[in-house]
J.: 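First the structure, which I've put down as structure tokens, then a few questions once you've had a look.
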2 protein chains.
Amino acid sequence: MPKRENPTIKDVAKLAGVSIATVSRVLNKLGVVNPETEQKVQGAVAKLNYQPNAVARSLKLNRTRSIGVLLPEVSNTFFTEIVEQLEHLLSPKGYALLVCSSENSVDEEKRKLSFLLERNVDGLVVIAVSDEGSHFAEVDVPMVMLDRKIEGLGRDVIISDNRASAYEVTCALIDEGRSRIGFLGGDPHVHTSVERYRGFVDAIEERALVLDERFVLHEGMTMKSGYTLMEKALSFEDCPDAFFVVNDMVHIGATTFLMANAAREVRRRMAFASFDYLHYAPLLQFCHYAVAQPLEKMANRAVQLLTRRMEGDLKDFPSTTVFQPSIVAMKDREGSASNGTLPPRFNKEFS
Amino acid sequence: MPKRENPTIKDVAKLAGVSIATVSRVLNKLGVVNPETEQKVQGAVAKLNYQPNAVARSLKLNRTRSIGVLLPEVSNTFFTEIVEQLEHLLSPKGYALLVCSSENSVDEEKRKLSFLLERNVDGLVVIAVSDEGSHFAEVDVPMVMLDRKIEGLGRDVIISDNRASAYEVTCALIDEGRSRIGFLGGDPHVHTSVERYRGFVDAIEERALVLDERFVLHEGMTMKSGYTLMEKALSFEDCPDAFFVVNDMVHIGATTFLMANAAREVRRRMAFASFDYLHYAPLLQFCHYAVAQPLEKMANRAVQLLTRRMEGDLKDFPSTTVFQPSIVAMKDREGSASNGTLPPRFNKEFS
DNA sequence: ATGAATAATGTAAACGTTTACAACTTTGTG
DNA sequence: CACAAAGTTGTAAACGTTTACATTATTCAT
């Protein structure tokens, strides 16, 4: 389809026999117009199927009504649940979401950041790639950092209490009677990974358990990594029968390895506690405790802060909001899985 | 942060002691400029940290370099894998993605469509909510329909061969020796669901098996639906030990039910074949055969068609591209899961 | 030296809006 | 009836670019 010329406000004005100023006033309901004139204008608008040109308006008003969303990865359910919420909250307000992936690279993050700024986004929601975030310092539009905190950046931050929740689920494993617990972690430059490790250690120390270095394993936050780390752990005779797993992806990888390679006896006894409780959580058969982050609330808060800053009626210092996740007990699921243990959003429509 | 005034081309011109036309020429490498002048301009650009205003440029050029992406759901891995690809391909070309969710509602789809058109997107990638798509008829920008076809819309269409693949995996189940196979389906208004059902029936008929209506179950394409359909099927004494499952979501739901509620003997024998082979596929323990759609190729083709139409050098009639998915055999995974059976993108970084 | 051709730069209009201000019309008041 | 106030509409500038065209400066052949 060739790009047909759209009617402009001039066309409407001509057809209605008024000036463009009047048309604009009618459309924006600003100032007063004679009801009769309004009728004429509306008629012309309808006849021409006129839609105001958002670009021109943006230029004039210096406001694009678009929000940049910068994520490490697009195809990660944890992130996209957040994007979905953001979209749900912002689109009724007339905002469009410009979604950019930093592809887990700081360089790409920089590029995408300036790409978004060039496009004059009114605000930014950022899930940072790592703790290196100096490029965010000079951003001069309202911006909210979600899920991952970067130190020393004077910005609104919205996170979960990673440390406390990691502590809690580790304790839950201990309370189950597990005394040797391994750790399958992620990138030491990612805020969430670090905090969760701290929480894990908190629990181990508080309960005076030993922390066997052979089973404290760090790599990336990928499935691949979970797979190989689990393989490595299992290569030891005395592999623990419980692990704290830093997130979903590592969890899937580890579970995949176990399903395919571990002896029945090992599988029977294995217990995981981990972060994230997304739609495929019921499939994670070794998961006894999951940390469910309040994604809706977090997105809500992000939108609230962002819109208030954009409207300029929030001049306060940047705030840090820490949400308390809930812990989901999933053990003994055989024969007991009521809908109560199903993840949120279980009945959504899909492809 | 208050929105500080950005420097404009005028500021650059003044600082460099030239006219704005010259600055523009330098920036766009159009026409010829004296190397000396260019130096001055570049210097001024650097000193002011000038970035051209994309909105103004869009207005002048009547081209926004943004692509609208309209999906039924944002938080569905199948869709977001596609979005990720699109982003990866389009962002190097300078395009921004405006991601909109139609939230599985035709009305919302209409709203979001005109929202995107108002913003003068240069092109559209659409995964339609259902077969009712009259509102797409009058779209006057290049547009590609992905994954789901709508009849009678003169548009470029990119789909998988749903019918053939469904036929194939159903045959694979039959070849395994399964003679009674159930069907867990989705919405009859969704193209993919319908086509897959046809393929399933093709196989059943060709092999002269019987199609027991009690086990041909349709509902939504949700996990919830998979859960309840499986429950219903299992309530019969003579429930089949094999099912074709229309997609991932239904598959997860059904698996969840079985894991929690089915007798060991039932679980041991159960076999699924289904569409989609996404990152959590290894967790679907009853899955014997999965249809892996070539998402990268599909996204590639979409971008190719779209960009060529946008650049105007593709005036042909709309084309329909049908890709052949590959079939992944996943049975007997115990003890044999090499990385060969792991889904694509297994080693991606995540939260 | 002259004029034409070429190179380099500037001027100004245009893209489609919004809005301050001016201008005109109507109404109301004394 | 004059004049002010209120109501309604129009004019024109501005937002930050791009680009056709005009202008000026330079080079070169005659």
Side-chain angles (χ1 to χ4, degrees), chain A residues 3-45 48-66 94 117-122 140, chain B residues 3-45 48-66 94 117-122 140:
Chain A
K3 208 160 174 174
R4 198 186 54 217
E5 284 319 307
N6 290 322
T8 76
I9 198 171
K10 273 187 203 159
D11 302 320
V12 177
K14 197 176 298 171
L15 183 59
V18 298
S19 76
I20 60 169
T22 302
V23 177
S24 178
R25 273 189 288 259
V26 170
L27 268 63
N28 299 307
K29 309 189 198 317
L30 289 176
V32 262
V33 294
N34 188 315
E36 243 173 72
T37 325
E38 174 161 359
Q39 283 309 310
K40 282 192 296 182
V41 172
Q42 296 288 17
V45 166
L48 293 174
N49 193 20
Y50 167 76
Q51 282 191 317
N53 181 324
V55 174
R57 176 178 284 168
S58 290
L59 178 60
K60 179 64 195 170
L61 299 181
N62 194 26
R63 191 177 43 122
T64 55
R65 283 213 171 270
S66 52
L117 293 176
E118 218 166 298
R119 289 189 169 244
N120 286 48
V121 291
D122 292 344
D140 60 353
Chain B
K3 209 160 175 174
R4 196 187 55 218
E5 285 318 309
N6 289 323
T8 76
I9 198 171
K10 272 186 203 160
D11 302 320
V12 177
K14 196 177 298 172
L15 184 58
V18 298
S19 76
I20 59 170
T22 302
V23 176
S24 179
R25 273 188 288 257
V26 169
L27 266 61
N28 300 307
K29 308 188 200 320
L30 290 176
V32 263
V33 294
N34 189 313
E36 243 172 73
T37 323
E38 174 161 357
Q39 284 309 310
K40 283 191 297 182
V41 172
Q42 297 288 17
V45 165
L48 293 174
N49 193 20
Y50 167 76
Q51 283 190 317
N53 182 324
V55 175
R57 175 178 284 167
S58 290
L59 178 60
K60 180 64 196 172
L61 299 181
N62 193 26
R63 193 177 44 123
T64 55
R65 284 214 169 271
S66 52
L117 293 176
E118 217 167 299
R119 289 190 168 243
N120 286 52
V121 292
D122 292 344
D140 60 354

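Chain letters run A, B, ... following the sequence lines, proteins first, then strands; residues in each count from 1.
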J.: Between A:S24 (side chain only) and A:I20 (backbone N and O only), is there a donor and an acceptor less than 3.5 Å apart?
T.: no
J.: What is the nucleic acid contact for A:T37, judged by heavy atoms within less than 4.0 Å: base, sugar-phosphate only, or nothing?
T.: sugar-phosphate
J.: Taking only the side-chain heavy atoms of A:R25 (C-beta and beyond), determine which of C:dT17, C:dT9, D:dT9 contains the nearest atom.
T.: D:dT9
J.: Where the side chain of B:A21 is defined as all heavy atoms beyond and including C-beta, which of C:dT11, C:dT19, D:dT17 is the nearest nucleotide?
T.: C:dT11
J.: Of B:A56 and B:E38, whose closest DNA chain C nucleotide lies nearer the 5' terminus?
T.: B:E38
J.: Please round to the nearest 0.5 Å and tell me the distance separating atom CG of A:L117 and atom CG of A:D140.
T.: 7.0 Å
J.: Report which part of the nucleic acid A:V18 touches: base, sugar-phosphate, or nothing (heavy-atom distance under 4.0 Å, all strands).
T.: sugar-phosphate
J.: Heavy atoms only, 4.0 Å cut-off, all strands: where does A:T22 land among base, sugar-phosphate and nothing?
T.: sugar-phosphate
J.: Can you tell which of D:dT9, D:dC15, C:dT18 lies closest to the side chain of B:K10?
T.: D:dC15
J.: Looking for any heavy atom pair under 4.0 Å, which part of the strands does B:S24 touch: base, sugar-phosphate only, or nothing?
T.: base
J.: Check this one for me: any side-chain N or O of A:S19 less than 4.0 Å away from OP1 or OP2 of D:dG10?
T.: yes
J.: Enter the distance from B:D122:CG to B:L61:CG here, rounded to the nearest 0.5 Å.
T.: 10.0 Å
J.: B:V33 has a side chain; which of C:dT9, D:dC15, C:dA13 sits nearest to it?
T.: C:dT9
J.: B:L59 near the nucleic acid: base, sugar-phosphate alone, or nothing, with a heavy-atom cut-off under 4.0 Å?
T.: base
J.: Looking at the side chain of A:N34, which of D:dT18, D:dT8, D:dA14 is the nearest nucleotide?
T.: D:dT8
